[in-house]
Q: 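Pasting a structure here, questions to come.
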Amino acid sequence: NAVVRFDVQDDVLWLSPYYERGLRKAVLLEQPAEVFTLDSPGGTSFSGEIRALLSDSRGRVWVGTRDGELIAYGGNGRPLYRLPLRNPGMIYALREDRAGRIWVGTKGEGLYKLTPRGEGFAVTHYVHSETDPYSLNDDRVYSVEEDDRGRIWVATYGGGLNCIERYDADGTPRFRCYDLSDGLPSNICMAIAEDRQGDLWVSTHNAVLRFRVGRGSFDAYNLYDRMRNAILSEATALTLPDGSVLFGGGRRIYRFEPD
């Protein structure tokens, strides 16, 4: 069976199988996976296919679904609360930044930022605007990454690679878009990961690119390394402790060694 999302922390692996509504919890090297059904706050039943997972710095597990549900769970698997997002669309990406803010990428409804405030969060919504050249370039967000300088990068399905380069005085982010004109072979970006050198690795449907941030240029890996027929999946990028970068596609994992 296919796995659409996974997250690892402290030897605990959380999996979201494609054909199951729920999570598999695997404690690595210690015991078989535990399967349990999720409940929503208030005791209502949980619905929807899980598409995004995040284990944050406070030990909470965040779950996002294709139905637009975003729920945070405690370490015991009990729901803490549901975030009050209105019509968030399909949730495809979750990321916590160094300030403890949660970034939520959706397929069709843009990007949300959840800023901690008391016991809850202040919600800010970013979408594409035809009248603002510095807005998010496309509302279909598949992956979100924070680089070592604290900048947020967004992989979009049709709008290339977006970066929040600065904020206006009122807090409005200014996005910089990298697309075909900058050397991307496709404006469809599926996943992002940063390597130990500070470069970004970006996947399209059938190519992997190394974005050399300092130079603003791309190196493509789609003609060699047996990558010509690869079909890569959304939000499946991971940098390992040894510095290598992994991408998932179909039943394969592709490994790159930036060093």
Side-chain angles (χ1 to χ4, degrees), residues 3-18 20-28 33-127 141-146 150 152-155 164 173 191-192 234-238:
V3 174
V4 296
R5 287 294 183 274
F6 65 91
D7 191 28
V8 183
Q9 185 173 2
D10 297 329
D11 293 329
V12 176
L13 174 64
W14 297 86
L15 300 172
S16 171
Y18 185 81
E20 296 180 17
R21 292 189 176 184
L23 292 176
R24 288 182 178 269
K25 176 184 177 182
V27 179
L28 303 181
E34 175 187 357
V35 181
F36 57 93
T37 301
L38 297 176
D39 292 323
S40 296
T44 59
S45 60
F46 182 87
S47 64
E49 175 192 322
I50 296 171
R51 297 293 297 184
L53 292 173
L54 170 69
S55 178
D56 71 13
S57 58
R58 295 178 58 182
R60 298 168 299 195
V61 174
W62 295 73
V63 177
T65 76
R66 284 176 59 93
D67 292 346
E69 290 182 289
L70 179 61
I71 304 173
Y73 292 85
N76 56 7
R78 294 182 179 179
L80 301 175
Y81 42 74
R82 174 190 280 117
L83 275 297
L85 303 184
R86 295 184 178 180
N87 303 317
M90 303 180 188
I91 297 174
Y92 267 46
L94 293 171
R95 174 74 181 185
E96 182 185 25
D97 67 19
R98 63 189 63 186
R101 296 170 296 201
I102 306 297
W103 296 83
V104 184
T106 73
K107 185 179 181 181
E109 297 295 333
L111 182 68
Y112 289 87
K113 179 180 70 176
L114 310 181
T115 303
R117 180 174 295 175
E119 295 300 316
F121 293 86
V123 181
T124 310
H125 190 198
Y126 304 123
V127 295
V141 175
Y142 274 12
S143 185
V144 181
E145 176 70 296
E146 181 186 29
I152 296 298
W153 295 81
V154 181
I164 300 179
I192 323 168
E234 68 272 9
T236 53
L238 179 67

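Starting from 1, each residue takes its place in the sequence as its number. We use all heavy atoms of the structure for the numbers below, so side chains are in, but hydrogens, waters and symmetry mates are not. Quick caveat, the model's predicted, so the values are computed rather than measured.
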Q: Under the criterion side-chain contact (heavy atoms from CB on, under 4.5 Å), I'd like the reasoning laid out for Tyr92 against Val141: C-alpha separation, chi angles, the key distance, then a yes or no.
A: CA-CA 7 Å; Tyr92 267 46; Val141 175; over 6 Å; no
Q: Nearest 0.5 angstrom please: Ser57 OG to Asp97 CG, how far?
A: 9.5 Å
Q: Using the test ring-ring contact (aromatic ring centres under 6.0 Å, His included), find all partners of Trp62 that sit at least two apart in sequence or belong to another chain.
A: Phe121
Q: With the side chain counted from C-beta on, respond yes when Leu53 and Val63 share a heavy-atom pair under 4.5 Å apart, and no when they do not.
A: yes
Q: Tell me, do Leu70 and Leu114 make a side-chain contact under 4.5 Å, heavy atoms counted?
A: yes
Q: Determine whether Arg101 and Pro116 make a side-chain contact, defined as any pair of heavy atoms from C-beta on separated by less than 4.5 Å.
A: yes
Q: To check you understand the geometry: which heavy-atom pair defines the closest contact between Gly64 and Leu94, and what is its length?
A: N-CD1, 4.1 Å
Q: Do you know the tightest heavy-atom contact between Ala93 and Ser143?
A: CB-CA, 3.8 Å
Q: What pair of heavy atoms forms the shortest contact from Gly110 to Val127, and how long is it?
A: CA-CG1, 4.4 Å
Q: Look up atom CZ in Arg95 and atom CG in Asp56, then write down how far apart they are to the nearest 0.5 Å.
A: 12.0 Å
Q: Could you pull out all residues at least two apart from Thr106 that satisfy side-chain contact (heavy atoms from CB on, under 4.5 Å)?
A: Ile91, Val104, Glu109, Tyr112
Q: What's the separation between atom CG in Leu111 and atom CD1 in Ile164, rounded to the nearest 0.5 Å?
A: 6.5 Å
Q: Could you state the interatomic distance from OG1 (Thr124) to CH2 (Trp103), rounded to the nearest 0.5 Å?
A: 8.0 Å
Q: Holding to side-chain hydrogen bond (donor to acceptor under 3.5 Å, both in side chains), I want the full list of residues that pass it with Arg98, two or more places apart in sequence or in another chain.
A: Glu146
Q: In the structure I gave you, are the side-chain heavy atoms of Thr65 and Ile71 within less than 4.5 Å of one another anywhere?
A: no
